[in-house]
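In what follows, a structure is listed as structure tokens, so that the remarks can point back to it.
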Amino acid sequence: MRKKLCMLFCVFTMLLCALPVTAGADVGPKDEATICLANLPEGSYYVDLLYINDYKSRLYDRNEYRYTAGADGALLRPADEAALRDAAPAGWTFVILDGTPAPTWAHIDNNAHTIEYGYFGLPDAFRVIFADENGVQVSEPVERTMFHQFFRYDCASNTLVPTGSVVRSYAKQILSTLLPTLLVEGLLLIPFGFPLRRNWKVFLLANLGTQVLLTATLGFVAMQGALWSVYLLFVPVELVIFVTEALVYRRRLHSNQPEPHPVVYALTANILSGACSVASLQLLLDWVMF
């Protein structure tokens, strides 16, 4: 009877994970670069990004600022556009004033002194151009290394530096997938007849190793912003993890039952924990990326 209930649970789990889901053409997070402004002067100012335009096609003309608050602070339009263009280095294009090959929007928050640039057209490398009543200044170029990333621009010293940590983001991703995996697969040991007290070392080491593999592959791709590649790679990576865990569990898991099913357990556990990991990453993606 217990064996039949276990097999029924396996079938139900796989059917549950196969339920259809709705897909959209414009879903999921987009590239973002948040510029945190420090040592701001009094009064109003204008900030934009500069990038090197290597594209032959015309620039997308729907780029815009979204303004939130403040009488003083960032302007939607420069007071002297000619002075801005004279100060821009040769070959560098304005993200908002000129546009990008794909759309880019900027969200201004004068209360927090931040400007958040995002969407498909966000360049991988850029400068900050800053203008106030004292003149115009242009920072040295920086490159984005993360899908969502913070940068600190010091208006007094005209320096632009990234503030995000790739190592911290990887650690967050491991936590966001490892914890639900340990919970789901640990509880699943019970109906399959594998006592946790006898198997916790093998169970923990196997999941730590496979989660490192998951982060090393999918995590790296996600950090580059290729989220659709993550979805495409998820199934083959999970297949490798299943084979690895099945081989380990077949040799190392101990059971009181005369006919244990470690391979079936590994298959069921990976399907269920994989679904939970995807849901966890979707819910915690902003926390993971920043």
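Computed over heavy atoms, backbone and side chain alike; hydrogens, waters and symmetry mates excluded. Small disclaimer: the values here were computed from a predicted structure and weren't measured.
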Distance-only, no hydrogens or angles: does the Thr163 side chain make a donor-acceptor pair with backbone N or O of Phe150 under 3.5 Å?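 Yes, the answer is positive, given that a donor and an acceptor are paired below the 3.5 Å cut-off.
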Between Asn110 (side chain) and Ala74 (backbone), is there a donor-acceptor pair under 3.5 Å?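 A pair under 3.5 Å: yes.
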By side chain to side chain donor-acceptor pair (under 3.5 Å), which residues pair with [X], not counting sequence neighbours?
{"X": "Thr244", "result": "none"}
{"X": "Asp86", "result": "none"}
{"X": "Tyr153", "result": "Gln137, Asn158"}
{"X": "Arg252", "result": "none"}

Listed by chain and number, what are the salt bridge (charged side-chain N to carboxylate O under 4.0 Å, His left out) partners of [X], not counting sequence neighbours?
{"X": "Asp154", "value": "Arg152"}
{"X": "Arg250", "value": "none"}
{"X": "Glu133", "value": "none"}
{"X": "Arg144", "value": "Asp31, Asp124"}

By ring-ring contact (aromatic ring centres under 6.0 Å, His included), which residues pair with Tyr249, not counting sequence neighbours?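 Checked Tyr249 against ring-ring contact (aromatic ring centres under 6.0 Å, His included); matches are Tyr265.
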How long is the straight-line distance from CG of Leu50 back to OG of Ser139, given to the nearest 0.5 Å?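 CG of Leu50 is found 8.0 Å from OG of Ser139.
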Please round to the nearest 0.5 Å and tell me the distance separating atom CD1 of Ile35 and atom OG1 of Thr114.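 The distance works out to 10.0 Å.
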Dump the intermediate steps for side chain to side chain contact (heavy atoms under 4.5 Å, CB included) on Val128 and Val138, then the final yes or no. CA-CA 6 Å; Val128 164; Val138 180; over 6 Å; no
In sequence, state the C-alpha distance, the side-chain angles, and the governing distance for Asn256 and Arg198, and then conclude on side chain to side chain contact (heavy atoms under 4.5 Å, CB included). CA-CA 10 Å; Asn256 297 325; Arg198 296 180 59 188; 3.0 Å; yes
Check residues 179-197 and write down every donor-acceptor pair under 3.5 Å in which the side-chain atom is one partner and the other belongs to a residue at least two apart or another chain.
from   : atom 1 : to     : atom 2 : distance (Å)
Thr181 : OG1    : Thr177 : O      : 2.7
Thr181 : OG1    : Ser277 : OG     : 3.4
Glu185 : OE2    : Ser273 : OG     : 2.8

Could you check whether any side-chain heavy atom of Asp48 comes within less than 4.5 Å of a side-chain heavy atom of Tyr65, counting everything from C-beta outward?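 Result yes, sub-4.5 Å side-chain heavy-atom pair found.
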Only pairs at least two apart or in different chains count here, so list each salt bridge (Lys or Arg N to Asp or Glu O under 4.0 Å) that has a residue in residues 74-84.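 Residue pairs passing salt bridge (Lys or Arg N to Asp or Glu O under 4.0 Å), neighbours aside: Glu81-Arg85.
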Quick one: list whatever passes side chain to side chain contact (heavy atoms under 4.5 Å, CB included) with Pro41, sequence neighbours left out.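 So Pro41 forms a side chain to side chain contact (heavy atoms under 4.5 Å, CB included) with Phe130, Asp132, Cys155.
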Between Val142 and Phe126, does a side chain to side chain contact (heavy atoms under 4.5 Å, CB included) hold up when you go through it step by step? CA-CA 6 Å; Val142 297; Phe126 56 83; 3.8 Å; yes
